[in-house]
Protein chains: 2
Amino acid sequence: MVVIPRQTRQRAEILDLLEDVDEFRSAQQLHEMLRARGSSVGLATVYRAVQSLSEHGDVDVLRTEDGESVYRRCEQRSHHHHLVCRSCGRTVEIEAGQAEAWAAQVGAAHGFDDVDHTIELVGTCSTCRAAAAS
Amino acid sequence: MVVIPRQTRQRAEILDLLEDVDEFRSAQQLHEMLRARGSSVGLATVYRAVQSLSEHGDVDVLRTEDGESVYRRCEQRSHHHHLVCRSCGRTVEIEAGQAEAWAAQVGAAHGFDDVDHTIELVGTCSTCRAAAAS
DNA sequence: CTCCTTCCTGAGAGTGGTTCCCACTATAGC
DNA sequence: GCTATAGTGGGAACCACTCTCAGGAAGGAG
């Protein structure tokens, strides 16, 4: 019942690009980067690709403060969370076992089942802090 | 330097409505509810009101899964988090001291400053679970 | 109470991210 | 190769949200 996406030039190029990028990027940014690389992929195709990739767990999705979806290919394929620099976008993948245990416990205490959690951290990384101080 | 918004019929009606509503609601939903009540307030005004209210900490904002902003007047005016039923929208305000301590600690461990956190929980409440089981 | 400044309101136009439509093209199994 | 089928792309459509700007109301000064 699992549908395997067809292997096309476009998907390959998008995956290649994602390998080279370390920060969360929007579909539009990815599209622009592809064009800058000289490859032509339609914007709609980029949207379809990142969407399908995220459904398969191959990329992670975040929503920015202004509602834009941003994507990133993470090292860890298993469930994890992110600590993102609000200035440069540098991203650290973090384990949140402790916070997740707390979430499950709080949910249970209020009689809730199947509790999903959204946990994301945003801060200023040491590099950007040093740059700002100068 | 704090700007106090002028007191108008529209803002009063929106606040009144928010008092009566217990779930997170979008600006558009609030607008519709106002019209249903017989009061006419422009959609733009609803957007402006909830935005200003949220900036003043009088209402809480959440982003739904599809990127829509939803608003709710909470009991606690101090910082807190939410456990929301994915089926009926029932909302419980929760303390997250434990999770916040964890967030600050993780941030510090990676050299990040001014770490903000987004922590929201979604589950199925006992009432909805019972209803689904029947 | 009245005037006047300033802010608020609202209808519609504009914006921007995302999805849809659909004719065309490329993939993968045979 | 051939064919069925899925993917592609450009533009239109969509939708939440914001802006514009002229008219109206709030509230302080006198």
Side-chain angles (χ1 to χ4, degrees), chain A residues 1-18 21 23-56 58-72 84 89 120, chain B residues 1-18 21 23-56 58-72 89:
Chain A
M1 200 50 225
V2 178
V3 196
I4 296 169
R6 201 170 273 185
Q7 193 175 334
T8 67
R9 170 183 66 83
Q10 289 85 342
R11 288 181 76 90
E13 289 182 354
I14 291 168
L15 270 172
D16 268 13
L17 174 59
L18 284 166
V21 174
E23 294 86 38
F24 278 92
R25 287 278 132 93
S26 71
Q28 314 229 35
Q29 286 177 316
L30 293 171
H31 178 239
E32 224 171 275
M33 293 168 89
L34 283 171
R35 305 212 71 184
R37 282 188 169 197
S39 94
S40 90
V41 177
L43 179 57
T45 302
V46 177
Y47 274 105
R48 276 186 293 244
V50 289
Q51 197 171 297
S52 129
L53 286 169
S54 75
E55 276 163 15
H56 287 249
D58 293 322
V59 300
D60 281 18
V61 197
L62 247 54
R63 309 289 288 213
T64 65
E65 214 166 308
D66 49 327
E68 205 175 4
S69 293
V70 286
Y71 306 86
R72 176 179 191 266
V84 182
E120 298 298 339
Chain B
M1 199 50 223
V2 178
V3 197
I4 297 168
R6 203 170 271 186
Q7 193 174 333
T8 67
R9 170 182 65 83
Q10 290 86 342
R11 287 180 78 89
E13 289 182 355
I14 292 168
L15 271 171
D16 268 13
L17 174 58
L18 284 167
V21 174
E23 294 88 36
F24 279 92
R25 287 279 132 92
S26 71
Q28 316 229 33
Q29 287 177 316
L30 293 172
H31 178 241
E32 225 170 275
M33 293 168 90
L34 283 172
R35 306 213 68 185
R37 280 189 171 198
S39 96
S40 90
V41 177
L43 179 57
T45 302
V46 177
Y47 273 106
R48 276 187 291 244
V50 290
Q51 197 171 297
S52 128
L53 287 169
S54 76
E55 275 162 16
H56 286 250
D58 294 322
V59 300
D60 280 18
V61 197
L62 248 54
R63 307 291 288 215
T64 64
E65 214 166 312
D66 49 330
E68 205 176 5
S69 293
V70 286
Y71 305 87
R72 176 178 192 267

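Letters go in sequence order (proteins before strands), and every chain restarts at 1.
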A:Gln51 near the nucleic acid: base, sugar-phosphate alone, or nothing, with a heavy-atom cut-off under 4.0 Å? sugar-phosphate

Check every strand shown and say whether B:Ser26 touches a base, only sugar-phosphate, or nothing at a heavy-atom separation below 4.0 Å. nothing

Tell me: [atom1] of [X] to [atom2] of [N], nearest whole Å?
| X | N | atom1 | atom2 | answer |
| --- | --- | --- | --- | --- |
| A:Arg35 | D:dG9 | CZ | P | 10 Å |
| B:Leu34 | C:dG10 | CG | P | 10 Å |
| B:Ile4 | D:dG27 | CD1 | P | 11 Å |
| A:Glu32 | C:dG17 | CD | C1' | 14 Å |
| B:Arg25 | D:dC17 | CZ | C1' | 20 Å |
| A:Gln28 | C:dT15 | CD | P | 15 Å |
| A:Asp66 | D:dA16 | CG | P | 17 Å |
| B:Tyr47 | C:dA11 | OH | C1' | 15 Å |

Which of these nucleotides, [options], is closest to any side-chain atom of [X]?
| X | options | result |
| --- | --- | --- |
| B:Gln7 | D:dG27, C:dT9, C:dT18 | D:dG27 |
| B:Glu68 | C:dT9, D:dA16, D:dG11 | D:dA16 |
| A:Ala44 | C:dG10, D:dG10, C:dC8 | D:dG10 |

Give a yes/no on whether any side-chain N or O of [X] is located under 4.0 angstrom from OP1 or OP2 of [N].
| X | N | answer |
| --- | --- | --- |
| A:Arg11 | D:dA6 | no |
| A:Thr8 | C:dA26 | no |
| A:Gln10 | D:dG7 | no |
| B:Ser69 | D:dC17 | yes |

Kindly compute the distance separating CD (A:Gln10) from CG (A:Leu34), expressed to the nearest 0.5 Å. 10.0 Å

Does a distance-only test, which skips hydrogens and angles, find a donor-acceptor pair under 3.5 Å between the side chain of B:Arg48 and the base of C:dG10? yes

Base of C:dC7 paired with side chain of B:Arg6 (donor-acceptor, under 3.5 Å):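 Flag set: donor-acceptor pair detected.
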
Any donor-acceptor N/O pair, A:His31 side chain to A:Gly42 backbone, under 3.5 Å: no

Cut-off 3.5 Å, side chains only: do B:Arg63 and B:Ser69 have a donor facing an acceptor? yes

For A:Glu32, look at atom CD and say whether over 12 heavy atoms of other residues, nucleotides or ligands are found less than 6.0 Å away.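 Atom CD in A:Glu32 is not crowded, with 12 or fewer foreign heavy atoms closer than 6.0 Å.
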
Taking all non-hydrogen atoms of both residues, which atom of A:Gln29 and which atom of A:Phe24 are closest, and how far apart? OE1-O, 4.3 Å

Would you kindly compare B:Arg63 and A:Leu43 by the position of their nearest DNA chain D nucleotide and give the one closer to the 5′ end?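 Final value for this comparison: A:Leu43.
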
